[in-house]
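Note sheet for the following structure.
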Number of protein chains: 2
Amino acid sequence: MNALPILEPTMDGTCCSPSGTPALGAEEAKQKALVFKALADPNRLRLLSIVKAGESGEACVCDLTGPLDLGQPTISHHLKILVEAGLLHREKRGTWAYYSLVPGALEETAGLLATL
Amino acid sequence: MNALPILEPTMDGTCCSPSGTPALGAEEAKQKALVFKALADPNRLRLLSIVKAGESGEACVCDLTGPLDLGQPTISHHLKILVEAGLLHREKRGTWAYYSLVPGALEETAGLLATL
DNA sequence: CTCATATATTGATGATTATCAATATCAGGG
DNA sequence: CCCTGATATTGATAATCATCAATATATGAG
């Protein structure tokens, strides 16, 4: 029920994949796939993009329901997936929930491709 | 029925997304999501990894059915998806089909994250 | 041509997912 | 306390997807 530390150290025994990575193990692959799963939806990519493009670096749900042609519950659902993937950070201020990019998360995800 | 040139120039009117990208359009997001969809499966990540790790930089289907616990038709199916996403290249030599990484494809995909 | 082997395609099935409508929670104002 | 507005959760449904069994295609050997 809580966010998985997907982008945290792999914690499956081996630390940091010993440079000359031979091939991807089943468990490791499953972890990495989770992040790409979160990115595998056009609307979620647009959500990330809008959050990133914003002046303040953050956006509330109400800023996001407009551009995308989706209902509010669906937006909330997508945002939750992005948070659980470790890509977005959620901060509740008053009635509003503000979402912002987790610093370095996109770069780290790009790095996953280099270490395949 | 043929491979989509997903990683080719965007060809949706605007060329090269004018540096200060404001936000991701619906069409653009759909295209980018296709590549991440291809990466959003653990077994496909492992296939990419094995192909990449191979000495010769290529692998035939018979090299891939072993490590993954999947039937041959399923492997073929996953490979097709990776080819259509522009990540793998397929070359038929005799009875065998050799798959290799499309040069620069992974780097280009990593770049997609930077230009969200 | 016939056979054996490697790969691809088809069709079916169970699992996952995206979406919405309805409802719940939660904070602030009166 | 009650109301309003913002966001989250639940339950249902349609679509997509991963997998397999069966079959098809294609290539080289004899």
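Residue numbers start from 1 in every chain, and the chains themselves are labelled A, B, ... in the order their sequence lines are given, proteins ahead of strands.
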Practice task
Would you kindly give the CD-to-P distance between A/Glu84 and D/dT9, to the nearest whole Å?
Solution key: 9 Å
Fill in the blank from the handout: Correct closest heavy-atom pair for B/Leu101 and B/Leu48 would be CD2-CD2, 3.8 Å
Problem - hbond_proxy A/Gln72 side chain to D/dA8 base (donor-acceptor, 3.5 Å cutoff) - result: yes
Practice task
Starting at atom CG of A/Leu82, determine the distance to atom C1' of C/dT17, rounded to an integer number of angstrom.
Solution key: 14 Å
Completion exercise
Rounded to whole Å, the CD1-P distance (B/Ile81 to C/dT7) equals 18 Å
Handout entry: Euclidean distance, atom CD of residue A/Glu58 to atom C1' of D/dA6 [Å, nearest integer]
Key = 16 Å
Problem - Nearest listed nucleotide, side chain of A/Lys92, among D/dC20, D/dT9, C/dC26 - result: C/dC26
Problem - Nearest-Å distance for atom pair CD/P, residues B/Glu91 and C/dT7 - result: 13 Å
Handout entry: Within 45° cone of B/Tyr98 ring axis and under 6.0 Å: B/Arg90 NZ or CZ
Key = no
Handout entry: Under 4.0 angstrom between A/Thr95 side-chain N/O and D/dA6 OP1 or OP2
Key = no
Exercise for the section: Please check if atom NZ in B/Lys30 has more than 12 non-hydrogen atoms from other residues, nucleotides or ligands closer than 6.0 Å. Expected result: no
Practice task
Ignoring backbone atoms, test whether A/Thr74 places a side-chain nitrogen or oxygen under 4.0 Å from the OP1 or OP2 oxygen of C/dC20.
Solution key: yes
Handout entry: Nearest-angstrom distance from the residue atom CG of A/Leu79 to C1' of C/dA18
Key = 14 Å
Exercise for the section: Would you mind reading off the distance between B/Trp96 atom CH2 and C/dT5 atom P, rounded to a whole angstrom? Expected result: 11 Å
Handout entry: Phosphate OP1/OP2 of C/dC20: any A/His77 side-chain N/O under 4.0 Å
Key = no
Practice task
For D/dA8, take OP1 and OP2 only and decide whether either is under 4.0 Å from a side-chain N or O of A/Arg90.
Solution key: yes
Exercise for the section: Output the single nucleotide from D/dA8, C/dA18, C/dT7 whose closest atom is nearest the side chain of A/Ala97. Expected result: D/dA8
Problem - A/Tyr99 vs D/dA6: side-chain N/O to OP1/OP2 distance below 4.0 Å - result: no
Practice task
Go through D/dA8, C/dT7, D/dC20 for me and flag the one nearest to the B/Leu70 side chain.
Solution key: D/dC20
Completion exercise
Between the CD atom in B/Glu108 and the CG atom in B/Leu87, the distance rounded to the nearest 0.5 Å is 9.5 Å
Practice task
Select one nucleotide: of C/dT19, D/dT19, D/dA8, the one nearest the side-chain heavy atoms of A/Asp41.
Solution key: C/dT19
Handout entry: side-chain N/O A/Arg93 vs D/dA6 OP1/OP2, d < 4.0 Å
Key = no
Problem - d(CG, A/Leu34; P, C/dT16) in whole Å - result: 13 Å
Exercise for the section: Specify the closest pair of heavy atoms between B/Ala38 and B/Ala85, including all atoms of both residues, with the distance to one decimal. Expected result: CB-CB, 3.5 Å
Exercise for the section: Specify the residue among A/Asn43 and A/Pro73 whose closest nucleotide of DNA chain C lies further upstream toward the 5′ end. Expected result: A/Asn43
